[in-house]
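These numbers come from the heavy atoms of this one structure, side chains and all, not from hydrogens, waters or symmetry mates. Below, read A as the first sequence line, B as the second, and so on, with proteins coming before strands; counting in each chain starts at 1.
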Protein chains: 2
Amino acid sequence: MDLEAVRTFVAAAEAGRFQDAAAELSVTQQAVSKRVATLEKRLGVRLFTRTARGVRLTVDGQAFLPHARDLLRAEERAVASVRPGRRALRVDVIGRRLAPATLLGDFRRAHPEVELDVVTLFDVDAAVDALRSGTIDASFRAVTMPGRQLPDDIRAVRVYDEPVQLLIGPAHPLAAAHTVTPAELAGHRIWMPGLVPGTEWAAYYDALAAAFGLTIEITGPDFGTEPLLDTIAGSSSLATFVGERTRLVWPADQSLRRIAVGRPTPVYPHSLIWHRENPHPALAALGDHLGSGRLDHSDAGTWTPAWA
Amino acid sequence: MDLEAVRTFVAAAEAGRFQDAAAELSVTQQAVSKRVATLEKRLGVRLFTRTARGVRLTVDGQAFLPHARDLLRAEERAVASVRPGRRALRVDVIGRRLAPATLLGDFRRAHPEVELDVVTLFDVDAAVDALRSGTIDASFRAVTMPGRQLPDDIRAVRVYDEPVQLLIGPAHPLAAAHTVTPAELAGHRIWMPGLVPGTEWAAYYDALAAAFGLTIEITGPDFGTEPLLDTIAGSSSLATFVGERTRLVWPADQSLRRIAVGRPTPVYPHSLIWHRENPHPALAALGDHLGSGRLDHSDAGTWTPAWA
DNA sequence: GGGAAGGCACAACCGCCCGTTGTGCGCCTA
DNA sequence: TAGGCGCACAACGGGCGGTTGTGCCTTCCC
């Protein structure tokens, strides 16, 4: 379907006459007539009844009109999402099912007027580059990697310490446990395919493994979450880590179990970083929203890497 | 913007290679390349980075992708709204700001999975014709007009008795009243432009005027609700009737006042009518929804026309 | 390190769609 | 009944979009 035809249809419906719609669109009346006729042919229904004083919407036309407006609005938003300058707020998250995406979902509900786009970059370096070039406006990252220092023009605020949980199947020996300590996981096989070496995500789990003597396997190609969850659910020895707010979409019959990890609870330090001079008006709203819900991370019962 | 290009963009983003997208769309790789290049040119940004093993989304492309999917979904809904057979549930209402539209809004919220289109036909006769021809699936009307009998194949259920209220400006002598009786309105000027003779809407107010000795003026052309409300707000003698749930969109400074009418309260009997053999699956859900919230209209303190 | 293969871009060609001009027809109005 | 208004149809022309053919770059493998 051609959006130019849809735009013509809306203009004609509002004007009530093809001639006026044609004037508004800077084309001839015949062009409007042709566009509408083509649209009607494609849809298989008549959208207007032609009268001596102009046109009037048919019932089908009345039903189609709001959808046509929706289409044009969606087009406007799509164009606006990539328009240089004054585009929608663009935030980088580490994964679309992880806690940052959930936090952004909360923000979207709290501020429905803010246009928000979510993207995913490779790592902190890419995010910093994108922040500096103005390609993105903010990024959720664990920015305090060992040996790295944020540049002066990048601001960072630690907004959410997310508890790490163990995900296992019903046949796993820990399936009946309510809580396990990190030390109790030593000797168990913890499998995390998809953990890309060099990312801060991988650095976090490296530190976790080192601190408590765990063995984390990242062998094998990453086939996506579904095969991973399938394997975990059917295994009596494999486990994996997930964040407390990680959304899992798995078939209900798999009966995967989340086991809390405590004494201490490893928490993943999500931070929001942005460029000091970014003028985007919605950025302040995002900062306020995240700051208001910020958790107190001075709790002695939690664990973070020494470099965090 | 061309939706075919948008569809191509989504296919290429999912496939990761122009060649695969081309195969899926049954065009050549060069056509996909051209479509994407044209789209990028129109948007002014690069959507893909070209690599030796295919293409990868840029940050702009990542931001654009969900909007592109939205566009295609909106197109699908638009086409579905007029597709003969299996189209969305289509309901005729007497006006988009009156109570039936509000009831449909409630239904939409309660059943977000139901595709619903709202149209407005001229009168009961047009609605019955449309129900029989399958053009619409249901209609909100006050069907019990004097001298009219619904055909056997049309079912009707009285779903909502809407109290009538008086709408006046702050300078009107009744502005301070909490409730007025219909009889007290005799002698006041009640102005209702836009009341089309021959419709059941007009018949109702004719009966109301006759029952209580009121004078209802329908003189003058109907310029829409805004001028009407402006005039009412600034007049010390003009009043008009509105339904209890009628949504008015007027500038806040006009300070219009709604005055309840009681002893008895005139109520407008909204009914839902549909064709006996309409097979639309969502029609039953609409009937259930309206039936569950149906008001008891055996209240002796209300008034309806004798023919209702 | 060099050849082969895979994948995208560019050029040329062409058909078709779209918009314009010119005209006809039906309906309402005076 | 004549005139005007408004949409549809016909003919024409240009440009957009698709295909074929080809070139270039990257990656992989021997």
Side-chain angles (χ1 to χ4, degrees), chain A residues 1-58 60-62 64-65 68 71-72 75 79 122 196 221, chain B residues 1-58 60-62 64-65 68 71-72 75 122 221:
Chain A
M1 186 157 40
D2 184 13
L3 286 184
E4 214 51 42
V6 175
R7 200 184 326 280
T8 304
F9 164 75
V10 172
E14 288 173 350
R17 278 186 303 190
F18 283 3
Q19 298 212 127
D20 294 358
E24 186 170 344
L25 299 172
S26 304
V27 293
T28 61
Q29 166 263 318
Q30 289 88 334
V32 171
S33 178
K34 265 190 167 183
R35 286 182 186 177
V36 171
T38 305
L39 187 61
E40 288 176 326
K41 198 169 184 180
R42 282 197 198 274
L43 293 174
V45 296
R46 210 142 175 82
L47 297 172
F48 291 104
T49 57
R50 278 73 168 172
T51 74
R53 276 201 300 274
V55 294
R56 213 176 50 242
L57 283 173
T58 62
D60 282 316
Q62 283 191 48
F64 187 71
L65 182 56
L71 263 172
L72 299 182
E75 181 196 23
V79 172
F122 178 69
V196 183
Chain B
M1 186 157 41
D2 183 13
L3 286 183
E4 214 52 41
V6 175
R7 201 185 324 281
T8 304
F9 164 76
V10 172
E14 288 173 350
R17 278 185 304 190
F18 283 3
Q19 297 216 127
D20 293 359
E24 187 170 342
L25 300 172
S26 304
V27 293
T28 61
Q29 166 264 318
Q30 288 88 334
V32 171
S33 179
K34 263 189 164 185
R35 286 183 187 177
V36 171
T38 306
L39 187 59
E40 289 176 326
K41 198 169 185 179
R42 282 198 200 273
L43 294 174
V45 296
R46 209 138 177 82
L47 297 172
F48 291 104
T49 56
R50 278 72 168 172
T51 74
R53 277 201 297 273
V55 293
R56 215 176 46 242
L57 283 173
T58 63
D60 282 315
Q62 283 192 45
F64 186 71
L65 181 56
L71 264 171
L72 298 183
E75 181 197 23
F122 178 70

**Prompt:** Taking B:T8 for the side chain and B:R35 for the main chain, is one N or O donor matched with an acceptor at less than 3.5 Å?
**Reply:** no

**Complete:** By nearest-heavy-atom nucleotide on DNA chain C, the more 5' of B:V32 and A:V27 is B:V32

**Complete:** Rounded to whole Å, the CZ-C1' distance (B:R17 to C:dA9) equals 17 Å

**Item:** For atom CG of B:D2 and atom P of C:dC18, their distance in whole Å
**Value:** 10 Å

**Message:** Output one letter per nucleotide in nucleotides 24-30 of chain C: B when a protein non-hydrogen atom lies under 4.0 Å from the base, S when only the sugar-phosphate is that close, - when neither is.
**Reply:** ---SSS-

**Message:** Could you tell me the boundaries of the chain B footprint on DNA chain D, defined by atoms under 4.0 Å from its heavy atoms?
**Reply:** D:dG18 to D:dC28

**Item:** Between the first and last five pairs of the helix from C:dG1-D:dC30 to C:dA30-D:dT1, the angle of the axes, rounded to 10 degrees
**Value:** 30°

**Prompt:** Can you find a pair of side-chain heavy atoms, one from A:F9 and one from A:L57, that are under 4.5 Å apart?
**Reply:** yes

**Asked** Do B:R7 and B:L72 have side-chain heavy atoms sitting under 4.5 Å apart?
**Response** yes

**Prompt:** Can any side-chain N or O of A:R50 pair as donor or acceptor with the backbone N or O of A:F48 at less than 3.5 Å?
**Reply:** yes

**Asked** Would you say A:L71 and B:L71 make side-chain contact, with heavy atoms under 4.5 Å?
**Response** yes

**Evaluation steps, side chain to side chain contact (heavy atoms under 4.5 Å, CB included), between A:V79 and B:R42** = CA-CA 9 Å; A:V79 172; B:R42 282 198 200 273; over 6 Å; no

**Prompt:** How many Å lie between CZ on A:R35 and C1' on C:dT20, as a whole number?
**Reply:** 12 Å

**Asked** Quick one: which of C:dA12, C:dG7, C:dA9 gets closest to the side chain of B:Q30?
**Response** C:dA9

**Worked check of side chain to side chain contact (heavy atoms under 4.5 Å, CB included) between A:E14 and A:V10** = CA-CA 6 Å; A:E14 288 173 350; A:V10 172; 3.7 Å; yes

**Prompt:** Is A:E40 reaching over with its side chain to a backbone N or O of A:L47, donor-acceptor style, under 3.5 angstrom?
**Reply:** yes

**Request:** Could you tell me the separation between the CG atom of A:L3 and the P atom of C:dC18, rounded to a whole number of Å?
**Result:** 14 Å

**Prompt:** Under a 4.5 Å cut-off applied to non-hydrogen side-chain atoms, are A:V27 and A:K34 in contact?
**Reply:** no

**Message:** With heavy-atom distances below 4.5 Å as the criterion, would you say the side chains of B:M1 and B:L39 are in contact?
**Reply:** yes

**Between C:dA11 (P) and B:K34 (NZ): distance, integer Å** = 11 Å

**Asked** Mapping B:E4 and A:G16 onto DNA chain D by nearest heavy atom, which one lands closer to the 5' end?
**Response** A:G16

**Message:** Within this structure, what is the NZ-CZ distance for the pair B:K41 and B:R46, rounded to the nearest 0.5 Å?
**Reply:** 12.5 Å

**Asked** Rounded to the Å, how far apart are B:Q19 CD and C:dA9 P?
**Response** 11 Å

